[in-house]
2 protein chains.
Amino acid sequence: MADTTVSLTPEAKFELISRNLDEILGAEELKKTLAERDISLYWGTAPTGKPHVGYFVPMSKLADYLQAGCHVTVLIADIHAFLDNLKAPIELVKSRAKYYEHLVKAMLSSIGVPLDKLKFVVGSSYELTPEFSMDNYRLASIVTEHDAKKAGAEVVKQVDSPLLSGLLYPGMQALDEEYLKVDAQFGGKYLPQLGYKKRIHMMNPMVPGLQGTKMSSSDPDSKIDLLDDAKAVQKKLKKAFCEEGNIENNGVLSFVRYVLFPISHLRDGKAEFVISRPEQYGGNSTYHDFETLQQDFADKKIHPGDLKASVAAALNRVLDPIRETFASEELQKLVLEAYPPPQAKSKPAKQKKKHNKRPDHLPPKEAAETKEAAAKPAETKEEPSA
Amino acid sequence: MADTTVSLTPEAKFELISRNLDEILGAEELKKTLAERDISLYWGTAPTGKPHVGYFVPMSKLADYLQAGCHVTVLIADIHAFLDNLKAPIELVKSRAKYYEHLVKAMLSSIGVPLDKLKFVVGSSYELTPEFSMDNYRLASIVTEHDAKKAGAEVVKQVDSPLLSGLLYPGMQALDEEYLKVDAQFGGKYLPQLGYKKRIHMMNPMVPGLQGTKMSSSDPDSKIDLLDDAKAVQKKLKKAFCEEGNIENNGVLSFVRYVLFPISHLRDGKAEFVISRPEQYGGNSTYHDFETLQQDFADKKIHPGDLKASVAAALNRVLDPIRETFASEELQKLVLEAYPPPQAKSKPAKQKKKHNKRPDHLPPKEAAETKEAAAKPAETKEEPSA
């Protein structure tokens with residue numbers, strides 16, 4: 001990533017910061033601040049399930065922020081990880097926090113983001129201090145159950161018997177902004193404050209998954225893990241939902257738009273995406289902007305099979321350095337600690353069932369892990385953000 | 001209070017510990033432990049409004065516990081005080097915690113309980129530690145909203161727009177048992193635990209207020225403050241609900257039963273209550289047990305006026321040393337800090353209104369204080385306990 005920060009005008013910085021966003025709360029405040037100085041912001045990620053390739057969407061925004069001179073903090077929100085319906089069971093959360101930190105670093109490196117401009121903070125390093133805890137109680141004494149529930153519904157997985165933790169989650173997220181001393185949060189939602197400054201909020205667009213809008217949590221093929229090998233990536237993309245000529249709810253096209261184009265721009269200094277296909281079907285075709293590619297797909301000039309194969313190839317190029325990093329003995333060990341394989345006896349048979357039922361015969365801990373292993377993010381917007 | 005601990009049998013200790021209680025959860029466990037050693041227990045009190053004479057009910061139980069050789073901790077639950085609908089606003093809670101500690105000491109001294117056997121702990125001294133906070137989060141991740149709401153309804157004032165804090169309250173109360181390293185809690189409710197030992201719980205009976213079961217929170221006469229002067233005590237008792245011959249819901253009689261008889265026994269070594277009246281109406285009459293007194297009242301041998309005057313006299317004897325203690329300049333200052341008089345302009349006119357409405361024209365802080373000043377405990381059972 002070329003260091004262009006110095007030469008960028010405040011307007012150009014605003015352009016970079018806001019591109020590909022769905023919404024900015026506090027855009028005027030942002031412009032005003034940028035006219036005076038660079039801003040600081042944080043992106044929070046709760047270390048729960050194994051991150052999938054959708055995480056590249058926020059990663060390319062982090063790259064934008066860094067290129068725009070922002071001071072970026074990545075919060076590894078370990079406490080949030082179990083507050084969200086124990087998506088990370090308490091006994092695994094430490095390992096998962098480490099896994100996420102390594103993974104986020106590897107992803108950012110892979111797309112050419114210099115890590116020396118980034119700060120990593122683990123939530124429990126400050127969320128258990130007396131000051132934070134007191135603020136947490138203060139917050140609980142001014143926020144109604146009703147408002148906490150509403151806020152919780154936006155950020156926490158909804159279940160039949162909601163846990164108290166889901167109501168604490170959004171308040172802590174609001175406090176994080178104060179404790180991380182940032183101007184803005186990437187992701188997250190606005191919550192009533194405690195006499196602390198209201199922050200700028202920047203929201204990702206809702207990006208459909210690679211397998212279309214609907215992902216089945218009982219189908220392991222519906223999620224491309226960041227550590228999946230090249231063949232698995234090809235195989236899963238082949239199964240992706242991507243109808244000829246249909247540009248609505250097309251996760252494969254969205255991935256090209258929000259990830260592959262921005263990444264190629266970051267790495268090579270120019271946006272580029274190559275559709276590779278045999279000469280008999282028109283040969284390779286290089287695109288420099290998403291709109292033209294999308295139009296050609298809409299016009300059926302690009303066959304879904306060729307798009308998928310080209311996306312798989314581009315994605316594998318991005319995943320290669322990550323897989324390489326995680327090939328080390330140390331990180332292999334960490335992966336096993338963070339995501340222990342389900343015990344043989346409790347391994348659920350490959351059943352075609354609609355409901356992700358908790359197996360009755362398992363003790364609570366194992367049941368939670370099995371459930372976790374099967375859980376998959378529904379949308380890129382919600383999932384990677386704490 | 002005579003030190004009879006050494007000579008008491010485990011059975012006698014159990015008798016003392018359990019007398020005048022409404023309920024004991026874990027009585028068998030209690031007996032078993034007493035056969036081996038003395039138990040430790042705590043009583044929590046949230047420093048909210050100015051305590052009334054009903055607080056003598058738990059005080060006489062604390063005296064029983066001490067006499068039975070228990071290690072007694074009084075928890076001044078300052079954080080609970082604002083978690084319960086800001087009954088103690090955050091800016092006043094420190095002063096109120098000090099006020100309560102002084103007051104509880106003065107009350108116990110007044111009824112002859114030796115303070116050297118008691119330990120006082122302020123909640124915030126341990127409830128803000130990383131360990132406690134982590135346990136609080138762990139608890140929130142296993143307790144459902146529904147269960148927290150149910151538990152909260154039992155211990156927190158119910159309002160139209162319940163605050164999140166009310167859901168945290170009972171969980172923290174459960175954690176207190178673990179952090180105070182006690183065998184039992186006097187007051188409080190049982191809650192699911194975190195792998196910690198289930199405690200013995202001892203509950204006060206529901207004692208009607210001196211003014212009968214219904215206390216109006218807009219009537220300052222309905223509560224006898226511990227610092228009220230002798231005349232005010234007489235005046236308020238005169239107005240107390242106490243129908244001739246009616247022993248149901250008779251707060252004046254209950255006060256004799258649960259406070260004055262036990263206290264006289266503690267101070268003088270024998271239970272005694274004197275009905276003083278002019279010779280023409282039968283002259284003074286001394287009772288040594290509550291049942292006889294109650295029967296005489298039921299048989300209309302005791303006139304409500306005489307009972308009230310006698311209770312006022314006995315109560316004033318108990319309050320005298322407390323008033324004396326609080327006459328000091330230091331404590332007078334503390335009372336003003338803890339319960340600042342409402343500002344002149346915001347002083348509500350003495351209106352006869354049913355609803356305790358928050359004045360619209362006040363900023364939140366003052367409104368909260370005004371509300372607080374008007375709030376009064378409904379029942380002795382619930383109020384003094386954190």
Side-chain angles (χ1 to χ4, degrees), chain A residues 77-91 93 123-153 156 158-172 191-192 194-195 364-365 368, chain B residues 77-91 93 123-153 156 158-172 191-192 194-195 364-365 368:
Chain A
D78 54 347
I79 291 182
H80 290 81
F82 72 81
L83 285 183
D84 188 358
N85 291 288
L86 285 173
K87 275 186 189 165
I90 287 164
E91 59 278 12
V93 78
S124 56
S125 69
Y126 67 89
E127 287 168 351
L128 295 172
T129 59
E131 297 71 29
F132 190 94
S133 298
M134 189 64 190
D135 272 343
N136 212 358
Y137 294 136
R138 286 173 59 207
L139 192 60
S141 72
I142 55 174
V143 170
T144 62
E145 272 179 38
H146 175 263
D147 288 351
K149 209 177 169 107
K150 214 174 122 195
V156 174
Q158 295 305 291
V159 293
D160 278 348
S161 296
L163 294 166
L164 181 51
S165 51
L167 303 185
L168 294 179
Y169 192 109
M172 291 178 66
L191 248 206
L194 287 174
K365 189 188 134 182
Chain B
D78 53 348
I79 290 182
H80 290 79
F82 72 81
L83 286 183
D84 187 358
N85 291 286
L86 284 173
K87 275 188 191 164
I90 288 162
E91 59 279 12
V93 79
S124 56
S125 69
Y126 67 88
E127 287 168 350
L128 296 171
T129 58
E131 296 72 29
F132 190 94
S133 298
M134 189 64 189
D135 270 343
N136 211 358
Y137 294 136
R138 285 174 59 208
L139 192 60
S141 74
I142 54 173
V143 170
T144 62
E145 274 179 38
H146 175 264
D147 288 350
K149 210 178 169 106
K150 215 174 121 196
V156 174
Q158 294 305 291
V159 293
D160 279 349
S161 296
L163 294 165
L164 182 51
S165 51
L167 302 185
L168 294 179
Y169 193 109
M172 290 178 66
L191 249 204
L194 288 173
K365 187 188 135 183

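Each chain gets a letter, A, B and so on, in the order its sequence line appears, and its residues count up from 1.
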Identify which of B:Ser133, B:Pro130, B:Ser141 forms the greatest number of heavy-atom pairs closer than 4.5 Å to chain A.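 Most heavy-atom pairs under 4.5 Å with chain A: B:Ser141.
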Pick from B:Ile79, B:Leu168, B:Thr129, B:Leu128 with the largest number of heavy-atom pairs that fall under 4.5 Å of chain A: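 Highest number of heavy-atom pairs under 4.5 Å: B:Leu128.
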Roughly how far, to the nearest 0.5 Å, is CZ of B:Phe82 from CE of A:Met134?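 Spacing of CE (A:Met134) from CZ (B:Phe82) equals 3.5 Å.
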Distance in Å, B:Lys149 NZ paired with A:Glu145 CD, rounded so as to fall on 0.5 Å steps: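 Going from the NZ atom of B:Lys149 to the CD atom of A:Glu145 covers 3.5 Å.
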State, to 0.1 Å, how close B:Leu164 and A:Ala148 come at their nearest heavy-atom pair, and which atoms those are.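 Heavy atoms only, the tightest pair is CD2-CB, 3.9 Å.
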So what's closer than 4.5 Å to chain B heavy atoms on A:Leu167: side chain, backbone, both or neither?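 Backbone plus side chain of A:Leu167, per the 4.5 Å heavy-atom cut-off to chain B.
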